[in-house]
Amino acid sequence: MVSQAFPEEDVEYIKTMAEHIRLSSQVFMKAAEGIVVTDSRQRILTFNDAFAAISGYAPEEIIGATPLILKSNLNNPSLYQNIDDSLCKTGRWQGEIWCRRKSGDLRLVWLTLNAVEDGSGAVANYIGMFSDITAARENQQRVAFLATHDDLTGLPNRTLFLDRLRQTIARNERSGGKFSLLFVDLDNFKVVNDSLGHAAGDALLVEIAARLRQCVRAMDSVARFGGDEFVLLIDDTSLAAAEAAAGRIAASLAVPLTVSGQDIHPSASIGICLFPSDGGDPETLLKNADVAMYHAKGQGKNTYRRFTRQFHQAAAERLKMEAGLRRAIDNGNLLLHFQPQVELAGGRVAGVEALVRWLHPDDGLIPPNRFIPLAEQIGLIDRLGEWVADAACRQMADWLDAGIEIPRIAINVSAAQFRRGHPVGVLQRLLGKYNLKPDRVMIEITESVLLEEAGDIKRMLREAKSIGISISIDDFGSGFSSLSYLRRFPIDELKIDRSFVADAAASSDDRAIIQAIIAMARVLGIAVVAEGIETREQSSILHDLGCRTGQGYLFGRPMSANDLVKLPLLAGGGASLTMAGRSPAPPQLAAG
Ligand code: C2E
Ligand code: MG
Ligand code: MG
């Protein structure tokens, strides 16, 4: 027994030492870092669990081997010599080193080596500590990658692309070279996303990214700018080469693919712009490529356009027009003209159509076809539509107050208005505001409104009907002219498109179509108005075919409310404004 061979205090000391050694050995064995101890010739004497795990070797394979069993070709060949030199000179070395595990896979390790001297100052042992930093480095690299790449497609993002673009500009400025930018925007991507879901949209984007990469050389850049926008930088190109690349992209995208069980036929609109002729800095080049892309979209998509200076003018004009239209709506620089609708037999005024105009401070009266589509695109159509409805109802109330009997006012309402708002609700409110009976107003919609999928539109039309507002189909015959919707919707009137009326005298086919429309409407109890009557001949043909009401330049162009009430009688079947006896005739009224 120890206690009998040693004095009491030595026993205590030995116990403490034994505990100390036990603890140290625990720390050594359980340390997260791999630790090896070698002899002076670097043969491994002992090692811990973490080292065994890093190396992948069995204990019997490690003992007696040198740490060179972990040697990897990934390291610079001079590294091992540097380590030996440093150990020799300072007794220490620290740094990153790639280690090959027994399985062959590679780990990046932070290695600390220390020489341990014996009492005489000679090296007795080396201690090596290995920290596996592979995962930490991968994370670091991933973070750096994500900062410069698009997560979904792995393509460079805007930041990295701009960096490359700046470098390419600088290089080409020095060499006098040229390159091109292609702005690629997928057509109808929103439809895929909305109808098949985001997962399908993502899958499509990944595929498109891969195809775009294949269309260019490795030295060129393809980036995703977000959404369905991609930008390509093709170095060292002429216009012809850039156009050839656009052609290759179009052909590559045109190959159909299946996403979520649906066949998709992708296509894109592409804008091309060249350095240095179309711009000398990243912002200008990207903007101009974008403008060119926008024009390609306008040309019916699936096409490419090269940037030209005229695009700039068009874009600037559009911006000016947008700002002007906003101001016009705010300041009430809009006005309504009214075109009479007359009974073909007898010339009594059956109603008027309200047609909006923009009173431009410089350009005068601008017709609706030039600003209604713009108002729809930029989301102003609701406010514009409300202004029209209010002005039309107010005018009708004024006429009634003045004793001028105009049976009805027709207000045009576009599909976008139904999609974005509740035009019927607006009208109902205005009927109350101006104390008008609902049969005084009619809404004119085009056939396209009836083809809209949204269930809300059908509901709104039925609501109009239930309130007592009648509904007319404008430009009938120019669209799909499906008979089935005439039965399904509460339609009161059809307006025969003016293209049929224009050719009625010359074309027996057009007369036959008009006759068929009138016959069909009669069966369904729907009234018919012929639009665009310009001649007496057209008027009498329409009358003979059974049409009761007409509208057109023959009876009066769209005109101001003042001019409308001054409308002179037209000889032979012309319009007349009948006075109702509510109040004395205004002096300017040339009624007959
Ligand atoms: P629309 O509803 O079919 O209106 C008839 C258009 O034909 C008017 O053009 C009118 O001036 C023109 N017109 C009338 N009679 C004749 C004729 O005998 N011969 C010829 N060649 N043309 C004739 P406008 O005023 O330029 O309106 C064009 C279109 O703008 C309208 O077509 C309508 O779709 C739209 N619009 C007009 N006002 C509004 C409005 O307040 N809201 C909405 N959403 N659209 C409107
Ligand atoms: Mg109309
Ligand atoms: Mg029309």
Side-chain angles (χ1 to χ4, degrees), residues 325 328-329 332 334-342 344 351-359 364-377 379-395 408-421 423-424 426-427 430 441-449 470-479 481 492-505 517 528-539 541-542 549-560 563-564 567 570 574-575:
L325 186 56
I329 295 176
L334 297 170
L335 58 87
L336 285 187
H337 273 179
F338 305 91
Q339 189 177 30
Q341 301 174 328
V342 305
L344 294 180
V352 293
E353 177 174 7
L355 294 158
V356 67
R357 273 94 183 90
W358 170 6
L359 184 56
L365 275 194
I366 302 182
N369 292 341
R370 278 187 52 208
F371 63 88
I372 297 262
L374 179 66
E376 291 179 345
Q377 279 166 29
L380 284 181
I381 190 66
D382 315 12
R383 287 179 52 213
L384 190 149
E386 281 201 49
W387 184 92
V388 168
D390 189 282
C393 290
R394 185 169 8 115
Q395 185 60 65
R408 195 184 64 192
I409 191 162
I411 300 166
N412 292 281
V413 182
S414 71
Q417 287 173 260
F418 280 99
R419 241 179 275 132
R420 297 175 46 95
V424 174
V426 169
L427 263 181
L430 291 169
V441 296
M442 167 171 247
I443 50 181
E444 286 192 15
I445 59 178
T446 55
E447 292 166 84
S448 62
V449 172
S470 41
I471 298 162
S472 174
I473 307 292
D474 209 347
D475 308 335
F476 187 79
S478 65
S481 308
D492 300 280
E493 178 189 278
L494 298 180
K495 295 183 79 176
I496 300 175
D497 190 60
R498 67 164 176 273
S499 59
F500 300 110
V501 174
D503 295 337
I517 294 175
V528 175
V529 176
E531 284 189 285
I533 296 183
E534 296 181 356
T535 65
R536 280 165 199 277
E537 191 185 12
Q538 288 164 351
S539 176
I541 291 172
L542 265 297
T549 315
Q551 176 180 350
Y553 294 169
L554 175 66
F555 313 111
R557 294 191 173 241
M559 59 189 97
S560 69
D563 289 344
L564 187 87
L567 198 68
L570 294 168

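Order of listing sets the numbers, starting from 1, for every ligand and every atom in it.
- For residue D474, an N/O/S atom approaches the Mg ion (ligand 2) to within less than 2.8 Å.
- Rounding to 10°, one obtains 130° for the angle at the Mg ion (ligand 3) between OE2 (E531) and OD1 (D475).
- None of the N, O or S atoms belonging to S472 lies under 2.8 Å away from the Mg ion (ligand 2).
- The part of Q417 lying near ligand 1 is the side chain, judged by heavy-atom distances below 4.0 Å.
- At least one heavy atom of E444 sits less than 4.0 Å from an atom of ligand 1.
- Residue-ligand proximity, V356 to ligand 1, at heavy-atom distances under 4.0 Å covers atoms 38 (N), 39 (C), 40 (C), 41 (O).
- Listed by atom number, the atoms of ligand 1 under 4.0 Å from S414 heavy atoms are 44 (N).
- Heavy atoms of L355 found under 4.0 angstrom from ligand 1 belong to the backbone as well as the side chain.
- Looking at E531 against ligand 1, only its side chain comes within 4.0 Å, counting heavy atoms.
- When the N, O or S atoms of E444 are ranked by distance to the Mg ion (ligand 2), OE1 comes first.
- Counting only distance, with no hydrogens or angles, the side chain of Q339 and the backbone of G556 share a donor-acceptor pair below 3.5 Å.
- A heavy-atom separation below 4.0 Å is not found between H337 and ligand 1.
- Residue R357 places a heavy atom under 4.0 Å from ligand 1.
- For atom 32 (O) of ligand 1, the protein comes within 4.0 Å by no heavy atom at all.
- Those atoms of ligand 1 with a heavy atom of G552 less than 4.0 angstrom away are 15 (N), 18 (O).
- For the residue pair Q551 and P340, the shortest heavy atom distance occurs at CG-O, 3.6 Å.
- The shortest non-hydrogen separation linking A328 to W358 is CB-NE1, 3.4 Å.
- The protein atom (non-hydrogen) at minimum distance from atom 11 (O) of ligand 1 is P558 CG, 3.2 Å.
- Contacts between I411 and ligand 1 below 4.0 angstrom, taking non-hydrogen atoms only, are absent altogether.
- Coordination check, E353 versus the Mg ion (ligand 2): passed, since an N/O/S atom of the residue sits under 2.8 Å.
- Proximity of atom 9 (O) of ligand 1 to the protein is not indicated, since no non-hydrogen protein atom lies closer than 4.0 angstrom.
- Looking at D475, its side chain never comes within 3.5 Å of a backbone N or O of D497 through a donor-acceptor pair.
- Taking every non-hydrogen atom of Q339 and a distance limit under 4.0 Å, the qualifying atoms of ligand 1 come out as 14 (C), 15 (N).
- Distances below 4.0 Å separate heavy atoms of V388 from the following atoms of ligand 1: 41 (O).
- In this structure a side-chain-to-backbone donor-acceptor pair under 3.5 Å is present from E447 to G477.
- Remark: ligand 1 atoms within the under-4.0 Å shell around heavy atoms of D474 are 1 (P), 2 (O), 3 (O).
- For R557, no heavy-atom contact with ligand 1 is shorter than 4.0 Å.
- Residue I372 has at least one heavy-atom neighbour below 4.0 Å for each of these atoms of ligand 1: 42 (N), 43 (C), 45 (N), 46 (C).
- Looking at N412 against ligand 1, both its backbone and its side chain come within 4.0 Å, counting heavy atoms.
- Shown here for L564 and F338, the closest heavy-atom pair between the two residues is CD1-O, 4.0 Å.
- Of the candidates V441, I409, V388, C393 forms a side-chain contact (heavy atoms from CB on, under 4.5 Å) with just one, namely V441.
- Within ligand 1, the atoms closer than 4.0 Å to a non-hydrogen atom of E534 are 17 (C), 18 (O), 19 (N), 20 (C), 21 (N), numbered from 1 in the order shown.
- When side chains are defined from C-beta on, Q341 does not count as touching M442, because their heavy atoms never get closer than 4.5 Å.
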